[in-house]
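When a ligand or atom number is given, it counts from 1 through the structure's own listing order. For the numbers below, each heavy atom of this structure counts, side chains included, while hydrogens, waters and symmetry mates do not.
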Amino acid sequence: MSQQINVGLIGFGTVGAGVAKALLEKGRRLERRIGTRIVLRQVCDRDFRRSRGFRLPASLMTDDPWQIVRHPDIHVVVELIGGLEPAKALILEALRRGKHVVTANKALLAHAGRELFAAASLAGTDLYFEASVGGGIPIIKALREGLIANDIDALLGIVNGTSNYILTQMREQRLSFHEALLAAKHHGYAERDPSLDIEGRDAAHKLAILTALGFGVQVSQSEIHVEGISKISQADIQYADELGYCIKPLAIAKQVDHELEVRVHPTLLAKSHLLANVNGVYNAIYVHGDLVGSALFYGRGAGQNPAASSVVADIADVARNLASGVSQRIAVNHAPHHGIRRLRRMGDIETRYYMRFMATDRPGVLARISGVLGRHHISIASVHQKERRAARIVPVVMMTHEAKESNVRNALQTIDRMAFIKQPTVAIRTEAPRSK
Ligand SMILES: NC(=O)c1ccc[n+]([C@@H]2O[C@H](COP(=O)([O-])OP(=O)(O)OC[C@H]3O[C@@H](n4cnc5c(N)ncnc54)[C@H](OP(=O)(O)O)[C@@H]3O)[C@@H](O)[C@H]2O)c1
């Protein structure tokens with residue numbers, strides 16, 4: 001005879017409704033697969049009148065989330081309201097009461113993960129969070145279990161579908177940033193206030209979670225260098241394209257010597273790069289480990305069903321653990337991995353750069369620019385002067401060899417003060433494909 005676990009769901013919004021629907025409609029099939037019956041016992045939301053496209057029995061509904069975390073018969077609390085509070089207080093109370101918790105709340109985990117995992121450890125219960133990164137892609141399980149034998153030295157992710165959709169539309173449809181943002185809103189891929197997505201902060205939350213799992217390093221949000229995509233222009237997308245690159249919103253965690261780089265910014269990728277063809281709202285996370293080499297995880301990074309797929313997988317894991325009488329099977333490890341001593345200062349990172357100068361079209365300009373770059377130890381790989389025609393101000397596009405970020409910043413400060421430079425210079429970092 002199969003066992004039974006009772007689930008309390010807090011938040012009946014996009015993801016919550018998907019989870020409730022999956023549990024109600026696929027309960028029998030799930031039971032056959034995992035050997036435990038998963039029963040949706042109670043669902044909390046502020047407002048049940050809004051249509052979610054399926055009928056939830058009225059007997060399950062409550063508007064009091066505390067009723068769920070204190071319910072004596074509920075084994076697993078699923079937090080899907082988002083935000084920092086009261087989500088954090090509810091999770092802590094559920095853990096304190098010996099309940100297992102599943103959440104998709106990346107913002108909360110990025111801000112208070114250490115405290116929440118310590119509370120779970122103290123209570124001897126589990127806190128699962130697969131849907132917090134990559135929506136339906138099981139990257140958390142891959143990092144915690146499938147790749148555990150590896151010393152990981154690089155994690156690169158396209159982890160924000162909104163930003164990726166906007167940059168893809170700009171490239172494929174030749175839209176401006178604002179037109180592409182409007183298209184994203186029109187298709188429901190961008191929130192009414194999209195700033196968390198387009199300014200890179202959502203990706204930074206996810207990067208903090210990936211960094212903790214991949215490298216055992218806890219980074220605070222202020223330690224991650226974050227640049228959004230709102231300054232990327234149609235012109236740069238086109239010039240990059242002509243040079244054989246595309247621009248992708250990347251979250252990067254990389255070990256270089258004894259330091260760890262953690263940064264989120266638009267990045268030029270050669271079209272041959274594994275991540276270059278991840279388009280639209282799709283997400284992908286590239287992992288490089290010493291044993292596995294390169295591995296790529298690709299799929300839908302958001303949306304009701306993909307997120308529900310991950311949340312239900314977490315519930316199933318808790319059910320299996322309960323059935324075998326184990327918990328805390330996979331502890332979250334906070335010890336930095338092999339050889340990482342500190343985070344690398346942003347000024348110390350080294351990459352190749354794409355630069356676009358907007359300069360008056362007159363003799364000697366190129367020599368002056370390259371002179372300043374040379375004095376800052378930046379060597380030029382190629383120069384492309386665009387649209388000479390009759391325009392008085394012309395774009396000069398350069399690709400550099402590897403250069404140090406602080407040298408690039410200092411050089412551009414000097415160059416942008418020169419009278420013939422008519423707009424602030426655009427500099428975009430590149431990421432080279434791994435050779436193995
Ligand atoms: N949407 C996705 O594709 C996706 C993917 C992965 C992870 N996530 C994460 O999943 C979580 C939920 O996202 P979502 O998109 O489902 O959000 P959502 O659609 O806004 O759903 C949240 C629901 O919770 C309700 N709620 C908020 N505070 C409450 C409270 N104190 N008591 C009772 N109900 C409350 C909201 O009601 P009101 O509308 O009245 O506020 C809303 O119905 C977030 O942490 C998000 O980051 C989302």
Visitor: Under a 4.0 angstrom heavy-atom cut-off, which atoms of ligand 1 come close to Asn105?
Guide: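 Close to Asn105: 45 (O).
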Visitor: Would you check whether Lys106 has a nitrogen or oxygen atom less than 3.5 angstrom from a nitrogen or oxygen atom of ligand 1?
Guide: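 Lys106 vs ligand 1: N/O contact under 3.5 Å present.
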Visitor: At what distance is the nearest protein heavy atom to atom 39 (O) of ligand 1, and which residue and atom is it?
Guide: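 The closest one turns out to be Arg50 NH1, 3.8 Å.
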Visitor: Do Glu115 and Lys88 meet the salt-bridge criterion of a basic N to acidic O distance under 4.0 Å?
Guide: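 Yes.
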Visitor: Could you tell me the residue and atom name of the protein heavy atom closest to atom 1 (N) of ligand 1, and the distance to it rounded to 0.1 Å?
Guide: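 Minimum-distance protein heavy atom for atom 1 (N) of ligand 1 reads Val15 CG2, 3.7 Å.
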Visitor: Look at Arg429 together with Glu227 and state whether they make a salt bridge at an N to O cut-off of under 4.0 Å.
Guide: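 Yes, this pair counts.
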Visitor: If the threshold is 4.0 Å, N to carboxylate O, is there a salt bridge linking Asp241 and Lys271?
Guide: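 Answer for the salt bridge query: yes.
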Visitor: Please verify the inter-ring angle class for Tyr282 with Tyr298; under 30° counts as parallel, over 60° as perpendicular, anything in between as tilted.
Guide: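 If you compare the ring of Tyr282 with that of Tyr298, the planes turn out parallel.
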Visitor: Quick check on Asp45 - does any of its heavy atoms sit under 4.0 Å from an atom of ligand 1?
Guide: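 It does, in that a heavy atom of Asp45 comes within the 4.0 Å cut-off of ligand 1.
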Visitor: Do Ile5 and His100 have side chains that approach each other closer than 4.5 Å (heavy atoms only, starting at C-beta)?
Guide: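 SC-SC contact between Ile5 and His100 ruled out.
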Visitor: Which protein heavy atom lies closest to atom 22 (C) of ligand 1, and at what distance to 0.1 Å?
Guide: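 Atom 22 (C) of ligand 1 sits closest to the protein heavy atom Leu80 O, 3.5 Å.
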Visitor: Would Thr14 count as being in polar contact with ligand 1, using the rule that some N or O on each side must be under 3.5 angstrom apart?
Guide: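 There is such a contact, yes.
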Visitor: Is there a side-chain contact between Ile166 and Asp197 (heavy atoms, below 4.5 Å)?
Guide: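 Ile166 vs Asp197: side chains apart.
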Visitor: Between the side chains of Asp193 and Ser195, is a donor N or O closer than 3.5 angstrom to an acceptor N or O?
Guide: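 The criterion, which ignores hydrogens and geometry beyond distance, is satisfied for Ser195 and Asp193.
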Visitor: Quick one: which ligand 1 atoms are inside 4.0 Å of a heavy atom on Gly11?
Guide: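 The atoms of ligand 1 under 4.0 Å from a heavy atom of Gly11 are 24 (O).
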Visitor: Looking at side-chain heavy atoms only, is the closest gap between Leu9 and Ile68 below 4.5 Å?
Guide: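 No, side chains not in contact.
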Visitor: Identify the closest protein heavy atom to atom 41 (O) of ligand 1: which residue and atom is it, and at what distance?
Guide: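 For atom 41 (O) of ligand 1, the nearest protein heavy atom is Arg46 NH2, 2.7 Å.
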Visitor: State whether a side-chain donor-acceptor pair under 3.5 Å links Gln67 with Thr62.
Guide: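 Yes.
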Visitor: Looking at Pro86, which atoms of ligand 1 are within less than 4.0 Å of one of its heavy atoms?
Guide: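 So the answer, numbered in order with elements, is 31 (N).
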Visitor: Please compare Ala104, Gly82, Gly188 and report which has the shortest non-hydrogen distance to atom 9 (C) of ligand 1.
Guide: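 Closest candidate by heavy-atom distance is Ala104.
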Visitor: With respect to His225, which candidate in Arg345, Arg344, Arg263 satisfies the side-chain contact (heavy atoms from CB on, under 4.5 Å) definition?
Guide: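 Only one option passes, and that is Arg263.
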Visitor: Hydrogens and angles aside, do Tyr354 and Asp236 bring a side-chain donor and acceptor to less than 3.5 Å of each other?
Guide: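 Result is yes, a qualifying pair exists.
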Visitor: Which of the numbered atoms in ligand 1 are below 4.0 angstrom from a heavy atom of Ala302?
Guide: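 In order of numbering, the contacting atoms are 3 (O).
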Visitor: Just wondering, are more than 12 heavy atoms of other shown residues or ligands nearer than 6.0 Å to CZ in Arg70?
Guide: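 Check passes, neighbour count above 12.
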Visitor: Within a distance of under 4.0 Å, is there any protein heavy atom near atom 17 (O) of ligand 1?
Guide: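 Within 4.0 Å: no protein heavy atom nearby.
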Visitor: At a 4.0 Å cut-off, with the gap strictly under it, does some heavy atom of Gln304 reach an atom of ligand 1?
Guide: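 No heavy atom of Gln304 comes that close to ligand 1.
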Visitor: Using heavy-atom distances, let me know which of Ala131, Gly301, Gly13, Gly303 sits nearest atom 21 (O) of ligand 1.
Guide: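 The option holding the nearest heavy atom is Gly13.
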Visitor: Look at ligand 1 and say whether Gly135 reaches it with a heavy atom at a distance under 4.0 Å.
Guide: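 False for this residue.
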Visitor: With atom 5 (C) of ligand 1 as the reference point, say which of Gly136, Gly18, Ala87, Ala307 has the nearest heavy atom.
Guide: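 It is Ala307 whose heavy atom sits nearest to atom 5 (C) of ligand 1.
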Visitor: Quick one: which ligand 1 atoms are inside 4.0 Å of a heavy atom on Cys44?
Guide: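 Numbered from 1, ligand 1 contributes 33 (C).
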Visitor: Considering only heavy atoms, which of Ile81, Leu196, Asp202 lies nearest to atom 35 (C) of ligand 1?
Guide: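 It is Ile81 whose heavy atom sits nearest to atom 35 (C) of ligand 1.
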